[in-house]
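Notes to accompany the following structure.
Residues take their numbers from the sequence shown, with the count starting at 1.
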Amino acid sequence: MAEQKPALVLHLVSGGDPLVFTLRADDVPELRKQLHLHLEHGAVETVHTAEDRAVIVNFAHVAAAYIDDLQRQGKVFGLR
């Protein structure tokens with residue numbers, strides 16, 4: 001089984017290609033629990049990437065956000 005590469009995928013309200021940030025595996029469970037709250041409240045949150053960079057996200061400008069595995073084959077949104 002291939003190693004998972006979790007990533008935060010952000011679709012901005014303004015459109016365009018989604019922004020994709022690789023995540024530290026240890027941060028994924030907490031971010032997964034809090035992601036819907038960030039979107040609902042338009043929060044500004046710091047997300048730490050796998051490359052040890054801090055990215056500050058203003059979720060008020062995000063239309064959709066989800067955590068995906070960059071290693072997954074045959075990507076079809078909404079299907080496992």
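- Here ring pair (Phe, Tyr, Trp, His ring centres under 6.0 Å) pairs that include residues 28-54, with residues two or more places apart or in two chains, are His38-Phe59.
- Closest heavy-atom contact between Pro6 and Ala25: CG-CA, 4.4 Å.
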Tabulate below the donor-acceptor pairs under 3.5 Å that side-chain atoms of residues 8-21 make, not counting sequence neighbours, or state none.
{"unit_1": "His11", "atom_1": "NE2", "unit_2": "Tyr66", "atom_2": "OH", "d": "3.4"}

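- Pairs engaging residues 36-59 under the salt bridge (charged side-chain N to carboxylate O under 4.0 Å, His left out) rule: Arg24-Asp52 [sequence neighbours left out].
- Of the residues listed (Val47, Asp68, Thr49), the one engaging Leu23 in a side chain to side chain contact (heavy atoms under 4.5 Å, CB included) is Val47, and it is the only one.
- No path of Ile, Leu, Val, Met, Phe, Trp and Tyr side chains, each step under 4.5 Å between heavy atoms, connects Val55 with Val44, placing them in separate hydrophobic clusters.
- Taking a 4.5 Å side-chain heavy-atom cut-off between Ile, Leu, Val, Met, Phe, Trp and Tyr, the cluster of Leu37 contains only that residue.
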